[in-house]
Amino acid sequence: VSPAGGLWVGENGRGTLDIVNSSNVNVTGQIVVADAADAVGQITIDHSEFGEPGFGTGGAHLLSTTIARSGTGSLVATNGSEVNLTGTFVVGQDAGSQGVVTIDDSILNDPRFGGNDLTSVTIGAAGTGSLAITNGSQVGLAGTFVVVQDAGSLGVVTIDDSKFNAPGFGGNDLTSVTIGGAGTGSL
């Protein structure tokens, strides 16, 4: 599946997208989960691929991914899934938003498949954001990495039994790291 122009999950209400059983979903434009303040959205990826730049019209044309723009949103990748995002990646964008990203036994942005094309990653821009990397997962991020950006925001990054930007897996692709910009952040 390759939706052109963008993917919204929980734009003004409730929305759920389950990508399972070795499926592959590529998105161009933007991904937005929980757009409006009262929206609730969730993307679940289980043993599948999402935003894979090496297939179809995926990652190379993905401009931004926002998990919880104004509402409550989550992205959960489990069971050997691969998630490759490009452009900007924000979890908890607006004040009052709550975003959660969980990478469990999976890969987020494998640089071998173009996963180093991120320009920035923000966990808790003006809202609340969390990123949990667990159970043997591998994460390779690029660009700027900010955990909490604005006053009043909250950001938490948890890494447990996993690799975060290890050499050969995005280890040299981050240009800067900021923990606790104007809000409260932890790593």
Side-chain angles (χ1 to χ4, degrees), residues 1-19 25-45 48 50-53 57-78 81 83-104 106 108-109 115 117-133 139 141-158 178-187:
V1 176
S2 298
L7 172 67
W8 282 261
V9 180
E11 185 175 10
N12 292 305
R14 293 184 175 270
T16 302
L17 173 62
D18 294 324
I19 305 166
V25 174
N26 300 301
V27 181
T28 61
Q30 61 182 320
I31 297 168
V32 178
V33 178
D35 191 26
D38 59 349
V40 177
Q42 177 172 322
I43 297 176
T44 301
I45 305 122
S48 295
F50 182 64
E52 180 73 24
T57 58
H61 301 99
L62 179 59
L63 303 176
S64 65
T65 301
T66 305
I67 309 299
R69 178 174 280 164
S70 296
T72 301
S74 64
L75 183 148
V76 178
T78 59
S81 293
V83 178
N84 284 304
L85 306 175
T86 58
T88 60
F89 179 35
V90 178
V91 182
Q93 179 173 301
D94 297 339
S97 65
Q98 296 183 355
V100 175
V101 174
T102 303
I103 307 298
D104 181 71
S106 296
L108 173 62
N109 278 47
D117 292 334
L118 280 168
T119 55
S120 66
V121 178
T122 305
I123 310 299
T128 298
S130 72
L131 171 61
I133 306 159
V139 173
L141 302 180
T144 59
F145 181 58
V146 177
V147 181
V148 302
Q149 182 172 301
D150 298 340
S153 61
L154 172 66
V156 176
V157 176
T158 303
T178 303
I179 310 295
T184 304
S186 71
L187 173 62

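Numbering starts at 1 and runs along the sequence shown. These numbers come from a predicted model, not from an experiment.
The structure places CG of Leu187 at 8.5 Å from OG1 of Thr158, a figure rounded to the nearest 0.5 Å. Separating the CD1 atom in Ile123 from the CD1 atom in Ile179 is a distance of 9.5 Å, to the nearest 0.5 Å. A distance of 6.5 Å separates OG1 of Thr16 from CG of Asp18, quoted to the nearest 0.5 Å. How far OG1 of Thr44 is from CD1 of Ile19: 8.5 Å, rounded to the nearest 0.5 Å. To the nearest 0.5 angstrom, Leu17 atom CG is 14.0 Å from Trp8 atom CH2. In this structure, CD in Gln30 is found 9.0 Å from CG in Leu62, a value given to the nearest 0.5 Å.
Residues Val156 and Val147 form no side-chain contact, since every pair of their non-hydrogen atoms from C-beta on lies 4.5 Å or further apart. Considering only heavy atoms from C-beta on, Thr86 stays 4.5 Å or farther from Leu118 through its side chain. Counting heavy atoms from C-beta outward, Asp35 and Arg69 have side chains that approach closer than 4.5 Å. Contact of the Phe50 side chain with the Leu75 side chain is registered, since non-hydrogen atoms from C-beta on lie closer than 4.5 Å.
Nearest heavy atom pair, residue Val33 against residue Gln42, reads CG1-N, 3.9 Å. Scanning all heavy atoms of the two residues, the minimum distance from Ser81 to Ile45 falls at OG-O, 3.2 Å. Nearest approach of Ser153 to Val148, heavy atoms of both residues: OG-CB, 3.4 Å. Residues Val100 and Ile67 share a closest heavy-atom pair of O-CG2, 4.0 Å. Taking each heavy atom of Thr122 and Gln149 in turn, the nearest pair found is CG2-OE1, 3.6 Å. Scanning both residues, Asp150 and Ala126, for their nearest heavy atoms gives OD2-CB, 3.6 Å.
Judged by distance alone, the side chain of Thr119 and the main-chain N or O of Gly87 form a donor-acceptor pair under 3.5 Å. In this structure a side-chain-to-backbone donor-acceptor pair under 3.5 Å is missing from Ser120 to Gly143. The closest donor-acceptor contact from the side chain of Asn109 to the backbone of Leu85 lies under 3.5 Å.
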